[in-house]
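Take a look at the structure below.
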Number of protein chains: 2
Amino acid sequence: MRHSRYDANPGCSVEAALEVIGGKWKGVLIYHLLGDTLRFGELSRRLPGVTQRMLTQQLRELESDGVIERKVYAQAPPRVDYSLTEFGRTLGPLFLLMRDWGDAYLARRDIPRAEDT
Amino acid sequence: MRHSRYDANPGCSVEAALEVIGGKWKGVLIYHLLGDTLRFGELSRRLPGVTQRMLTQQLRELESDGVIERKVYAQAPPRVDYSLTEFGRTLGPLFLLMRDWGDAYLARRDIPRAEDT
DNA sequence: CAGCATCCGCGGGGATACTG
DNA sequence: CAGTATCCCCGCGGATGCTG
């Protein structure tokens, strides 16, 4: 038997999930990796504003959480590919919901609706 | 036309969502309010470790984001009820997924599986 | 290219005390 | 009870410089 509703112990699982995906850049990072395997440089280009330091750190944390995979190619010009693990891909549905909800949220903000309080 | 997959602009919506629910105590807070309308005191009792300062702050932010509602009763012993707004309730499905994923994540951690890398 | 090391500022957030 | 106000610490994270 699992839990049927919003019962049981607080939101421990929820906290755990947020701890994994709630990092400063992790959301966007995972979101991008849901679409593609990407190199370090490509990621930093897609996240204008993130410093290398932060990017590395967040990637490492996601890696140790089993969400992403780090593949290093022993080449002259170094190359590192980042991709989601099988487990990481299970975040897909969650992120689709998050995106949709975020959309709705942003829409609400932009149209402050004068009618309802 | 909306977006069909993980295309379009980064994860702007995802970021927006995480900004709303990603606060230090917001996840648990919302999770608890999904089940019940709760008073300030009850919330602080359910979140051992949170300070009044933080609790108030997080609640206020969620309120201004339109996620929760704050109802003040003009009574001798002050009483304030917190509940999710209609919009806040749309977070329900998202949180169920988060809880399930968090569960899976925690299970993975506890059973480090020696077989796969 | 893909990092790691170091330095450092600032603000998130804890502890405590006070109030309507 | 449900907060606000104040003080203060520490660690997140930016900036910069160096390396395999």
Side-chain angles (χ1 to χ4, degrees), chain A residues 10-11 14-16 18-33 36-65 67-85, chain B residues 10-11 14-16 18-33 36-65 67-85:
Chain A
V14 172
E15 282 185 89
L18 279 174
E19 203 123 331
V20 174
I21 68 176
K24 194 170 190 206
W25 302 95
K26 293 181 183 176
V28 226
L29 230 37
I30 293 172
Y31 188 81
H32 279 278
L33 290 177
D36 256 318
T37 289
L38 294 170
R39 305 183 47 172
F40 186 88
E42 181 61 19
L43 280 171
S44 54
R45 237 167 292 121
R46 297 215 188 184
L47 279 71
V50 71
T51 58
Q52 289 161 330
R53 174 184 164 77
M54 267 296 99
L55 184 53
T56 303
Q57 177 192 311
Q58 303 277 298
L59 285 168
R60 291 292 145 82
E61 289 182 12
L62 286 174
E63 186 189 5
S64 84
D65 280 336
V67 171
I68 69 174
E69 203 164 358
R70 182 167 177 267
K71 183 162 188 181
V72 183
Y73 296 85
Q75 295 184 351
R79 166 186 180 144
V80 181
D81 281 359
Y82 290 95
S83 60
L84 289 179
T85 62
Chain B
V14 172
E15 283 185 89
L18 279 174
E19 203 123 333
V20 174
I21 68 175
K24 191 166 193 212
W25 301 95
K26 293 182 185 176
V28 227
L29 232 36
I30 294 171
Y31 188 81
H32 279 278
L33 290 177
D36 257 318
T37 289
L38 295 170
R39 305 183 49 171
F40 186 87
E42 182 61 18
L43 280 171
S44 54
R45 238 167 291 123
R46 296 214 188 183
L47 279 71
V50 71
T51 59
Q52 288 163 329
R53 173 186 164 76
M54 266 296 99
L55 184 52
T56 303
Q57 177 192 311
Q58 302 276 299
L59 285 169
R60 289 291 145 80
E61 289 181 13
L62 287 174
E63 187 190 4
S64 84
D65 280 336
V67 171
I68 68 173
E69 203 164 359
R70 182 168 177 268
K71 183 162 187 181
V72 182
Y73 296 86
Q75 295 184 352
R79 166 185 181 146
V80 182
D81 281 359
Y82 289 95
S83 60
L84 290 178
T85 62

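Within every chain, numbering begins at 1; the chains are lettered A, B, ... in the order of the sequence lines, protein sequences first and strands thereafter. All figures in this text were calculated on a predicted structure; none of them were measured in a lab.
A close approach under 4.0 Å does occur between a side-chain nitrogen or oxygen of R60(A) and OP1 or OP2 of dC4(C). R79(A) has no side-chain polar atom (N or O) that falls below the 4.0 Å cut-off from OP1 or OP2 of dG3(C).
Atom NZ of K71(A) and atom P of dG3(C) are 15 Å apart (whole Å). Atom CD of E63(A) is separated from atom C1' of dA2(C) by 14 Å (rounded to the nearest Å). We find that CG of L38(A) is positioned 16 Å from P of dC1(C), with the value rounded to whole Å. Going from atom CZ of F40(B) over to atom P of dC1(D) covers 11 Å, rounded to whole Å. Atoms CZ (R70(B)) and P (dA2(D)) sit 10 Å apart, rounded to a whole Å. Residue L55(A) contributes atom CG, which lies 8 Å from atom P of dG3(C) at whole-angstrom precision. We find that CD of E42(B) is positioned 14 Å from P of dG3(D), with the value rounded to whole Å. The separation between D81(A) atom CG and dC1(C) atom P is 14 Å, rounded to whole Å.
The nearest pair of heavy atoms linking L62(B) to K26(B) is CD2-CD, 3.8 Å. The two residues L55(B) and V50(B) have their closest heavy-atom pair at N-CG2, 3.8 Å.
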Report, as a single string ordered 5' to 3', how protein heavy atoms within less than 4.0 Å touch nucleotides 6-20 of chain D: B base, S sugar-phosphate only, - not at all.
B------BBB----B
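Between the side chains of Y82(B) and R39(B), no donor N or O sits under 3.5 Å from an acceptor N or O.
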Strand DNA chain C as a dot-bracket string - pairs counted if Watson-Crick or G-U with both distances under 3.5 Å, | where the partner lies in another strand
||||||||||||||||||||
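Counting non-hydrogen atoms under 4.0 angstrom, Y82(B) reaches the backbone sugars and phosphates but no base.
Under a cut-off of 6.0 angstrom, the local environment of CD in E63(A) is crowded, with over 12 non-hydrogen atoms contributed by other residues, nucleotides or ligands.
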